[in-house]
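Quick note: residue numbers are just sequence positions, from 1.
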Amino acid sequence: KANQMIILSQAGVPVPKTIYGSIDFLRKVAVKKFDFPLVIKGTKGDRKTQVFVVNNKVEFDSKMDELELVEKRFENKYMLQEYIVNSEDYRVMVLGDKVLGVMKRMVGIRPNVKNVFEKADLPTEVKDLCVKASKACGVAISGVDVVFRNDDISSQPLFYEVNKTPIYKKFGEYLEIDVPREIVKFLSELE
C-alpha cells in the first residue's frame, strides 16, 4: 500500500499525504507532520481490520503500543495518512482503458451501521485518472478508490487505493453489470 502511494504520486495521480516507516519512526517523526484525526493503515489486510482512525495523541500512543507488538512479530508494517473529511467515497471498476462503472459508498456513521451503496458517476477527468492510476500500478482489472474532501465532487479527487483483486459483487447488484462476463470479454480481446 505504501509503495502504491509512491507509484501513484510519481504518475501524477493525487493521493492523500502519506508517510511510511517503522512504528518508532511514525511515533517520533511522522506524527509531527500530521494533524489529528489521522489514519493509521497496515500494509497488509483490509479496511475492517487494518485501518484505524485516531483522534488525538492519547489514542495515537495507545494504537502505536498495540501495533508495535504486531510489527515485532513481522506480521505487518504501517503508514500514517491524512484523514479526509467525507461521508462517502467511490469505487471505480477499471477494465484496461475504460471505466466499467462507478459506485458510491456512503459510510456508516456508527460501527454497527452498514455502508450504503448506489450507482454513481464521476467527471470524465476523474475517470481518466482512475484508468491512469490502474495503469501506473500495472493492473488491467482493478477497483480504484477515490474520495473528495468534504464530499465536494468539484474539488481535487484523492486516490487512496488501486485494488488488484476487486470484489465486484456489489457492482452487479447496484449497477446491473455482469462483471464476470465483462472481464471474460476484456480478457478474450487481449492480444
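- No side-chain donor-acceptor contact under 3.5 Å links Q81 to the backbone of I19.
- Put simply, CD1 on I183 and CD1 on I141 are 5.0 Å apart, with the number rounded to the nearest 0.5 Å.
- In this structure, K41 is not positioned above the aromatic face of F52 in the sense of NZ or CZ being under 6.0 Å from the six-membered ring centre and within 45° of the axis.
- Residue pairs meeting the side-chain hydrogen bond (donor to acceptor under 3.5 Å, both in side chains) criterion with at least one partner in residues 130-142, sequence neighbours excluded, are D97-K135, S134-S142.
- Salt-bridge annotation for D89 and K104: absent, with no side-chain N of the basic residue lying under 4.0 Å from a carboxylate O of the acidic one.
- Residues L67 and F36 share a single hydrophobic cluster, defined by chaining ILVMFWY side chains whose heavy atoms lie under 4.5 Å apart.
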### Message
Please evaluate residues L158 and R149 with respect to the criterion side-chain contact (heavy atoms from CB on, under 4.5 Å), reporting the C-alpha separation (whole Å), side-chain torsions for both, the decisive distance (0.1 Å), and the verdict.
### Response
CA-CA 8 Å; L158 295 168; R149 291 181 197 283; 3.7 Å; yes
### Task
Check the pair V162 / Q4 against side-chain contact (heavy atoms from CB on, under 4.5 Å), numbers first and verdict last.
CA-CA 8 Å; V162 175; Q4 194 176 84; 3.7 Å; yes
### Task
Before giving the answer on side-chain contact (heavy atoms from CB on, under 4.5 Å), spell out for K33 and L80 the whole-Å C-alpha distance, their side-chain angles and the decisive distance to 0.1 Å.
CA-CA 10 Å; K33 299 178 185 277; L80 297 184; over 6 Å; no
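- Side chain of N150 to backbone of D152: no donor-acceptor contact under 3.5 angstrom is found.
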Identify all side-chain donor-acceptor contacts of residues 164-182 below 3.5 Å with residues at least two apart in sequence or on another chain.
unit_1 : atom_1 : unit_2 : atom_2 : d
D178   : OD1    : R181   : N      : 3.3

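- Screening V146, D145, V51 against Y160 for a side chain to side chain contact (heavy atoms under 4.5 Å, CB included) leaves a single residue, D145.
- Not one N or O on the side chain of E82 forms a donor-acceptor pair closer than 3.5 Å with the backbone of T18.
- Side-chain atoms of K98 do not come within 3.5 Å of backbone N or O of V94 as any donor-acceptor pair.
- Residue pairs meeting the ring-ring contact (aromatic ring centres under 6.0 Å, His included) criterion with at least one member in residues 118-150, sequence neighbours excluded: Y90-F148.
- With values rounded to the nearest 0.5 angstrom, F159 atom CZ is found 8.5 Å from L8 atom CG.
- K28 NZ to S22 OG: the interatomic distance, rounded to the nearest 0.5 Å, is 8.5 Å.
- Think of I6 as one node in a network of Ile, Leu, Val, Met, Phe, Trp and Tyr side chains linked at under 4.5 Å; it has no links at all.
- Within 6.0 Å of NZ on K17 lie more than 12 heavy atoms contributed by other residues, nucleotides or ligands.
- Expressed to the nearest 0.5 Å, how far CG of L38 lies from NZ of K63 amounts to 12.5 Å.
- Residue pairs that meet the ring-ring contact (aromatic ring centres under 6.0 Å, His included) test with at least one member in residues 127-146, sequence neighbours left out, do not exist here.
- In the hydrophobic clustering of ILVMFWY residues, with side-chain heavy atoms under 4.5 Å counting as a link, V70 and I23 come out together.
- One distance of note links CG of D24 with CD of E71; it measures 8.5 Å at 0.5 Å rounding.
- Atoms CG and SG, on L100 and C130 in that order, are 12.5 Å from each other to the nearest 0.5 Å.
- Cluster note: L69 groups with no other residue, as no ILVMFWY side-chain heavy atom lies under 4.5 Å from it.
- Under the 3.5 Å distance criterion, the side-chain polar atoms of E59 are matched with a main-chain donor or acceptor of N55.
- One finds a salt bridge joining R27 and D65 here, because a Lys/Arg side-chain nitrogen approaches an Asp/Glu carboxylate oxygen to under 4.0 Å.
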